[in-house]
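Beneath this line is the structure, given in structure tokens, with notes to follow.
Values reported hereafter were calculated over all heavy atoms of this structure, with side chains retained and with hydrogens, waters and symmetry mates removed. First listed ligand is number 1; within each ligand, the first listed atom is number 1.
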Amino acid sequence: MLHRLILSFALFLTFAVAVPAPAATPTRPPKSAVTVNAVAVDAPDVDTNGSGCRQGTVGVAFNSDNSIMTIILDDFQAAIGPQAGSYKKRAFCRVNATITSPGWAFDVSSVDFRGYVNLDGGVNASLVSRWKWIDTSKGVDLKGKGNINKKLAGPYSDDFLLHKDGESSTGEQSACQKASAMFQISISASLSASSSTVAGFVKGDSVDSTFGEILNLGWRKC
Ligand SMILES: *[C@@H]1O[C@H](CO)[C@@H](O)[C@H](O)[C@H]1NC(C)=O
Ligand SMILES: *[C@@H]1O[C@H](CO)[C@@H](O)[C@H](O)[C@H]1NC(C)=O
Ligand SMILES: *[C@@H]1O[C@H](CO)[C@@H](O)[C@H](O)[C@H]1NC(C)=O
């Protein structure tokens, strides 16, 4: 009995040492402290004909506890081949989000990027997303940029989910500069085909047909 008790105590100790104390409740601003003021997207260009990125089809939102920011593109699609119709082989969207969070700043801890890809043999897709902060008063980029970059070769037909950790600020000053900076994220999908008879497309995933990214945020009080 005593042995068992000692053993369980020893196990408990090991457990207590090996497992960090439950993380302190993450610091996050209250719901009302974060506002998305403006979401600006670049005007359509000839290359993409604005695919997926017209004003009004792009949403930026925070969840109820501000732990996540989502970027939703309602109509992001690239297509190549005989059935491509009016879609282009490249879709591109650059979003400038002006966010107000007085006294608070965030780092992007990680990003999940999802959508659906369907490629014949002989067709490749390249998916790229980049994010960064811009100090608009000085016109310079701040520390904390990141990117996701993935190439897929057909035949391929599946939802994709790409995950990438973000770069954290090195200290309070570098984090808090972001409180007044503009957040910019770009998303692109490009297709290439070995002949004019093979086809492929990239679009929103099969779950809710939207294309988008989920950004997990690490907040800091400034
Ligand atoms: C987004 O921000 C960049 C950098 O400040 C700027 O050059 C570009 O014109 C902005 N785009 C829109 C649509 O406001
Ligand atoms: C560009 O998009 C518009 C609106 O979807 C469409 O009417 C037009 O045909 C497209 N132009 C080209 C060159 O594909
Ligand atoms: C697809 O990617 C493969 C591997 O990188 C490359 O060898 C091939 O030329 C690419 N094909 C097209 C059509 O871009």
Heavy-atom side-chain proximity of Val39 to Val95 below 4.5 angstrom = yes
Can you find a pair of side-chain heavy atoms, one from Asn66 and one from Phe106, that are under 4.5 Å apart?
-> no
By number and element, which atoms of ligand 3 are closer than 4.0 Å to a non-hydrogen atom of [X]?
| X | answer |
| --- | --- |
| Ser192 | 12 (C), 13 (C), 14 (O) |
| Ser194 | 13 (C) |
| Ala193 | 13 (C) |
| Gly122 | 13 (C) |

Provide the full list of ring-ring contact (aromatic ring centres under 6.0 Å, His included) pairs with a residue in residues 38-91, sequence neighbours left out, each pair given once.
-> Phe76-Phe211
ring-ring contact (aromatic ring centres under 6.0 Å, His included): which pairs involve residues 142-167, sequence neighbours left out?
-> Phe113-Phe160
Near ligand 1 (heavy atom, under 4.0 angstrom), the protein residues are Ala40, Val41, Asp42, Arg94, Asn96, Ile134, Met182, Gln184
Using atom types as modelled and distance alone, determine if a side-chain donor or acceptor of Lys89 lies under 3.5 Å from a backbone N or O of Asp47.
-> no
Is Asp75 paired with Arg54 through a side-chain N to carboxylate O contact shorter than 4.0 Å?
-> no
Identify which one of Ile99, Val111, Val36 satisfies the side chain to side chain contact (heavy atoms under 4.5 Å, CB included) criterion when paired with Met69.
-> Ile99
Not counting sequence neighbours, which residues clear side chain to side chain donor-acceptor pair (under 3.5 Å) with Gln177? List them please.
-> none
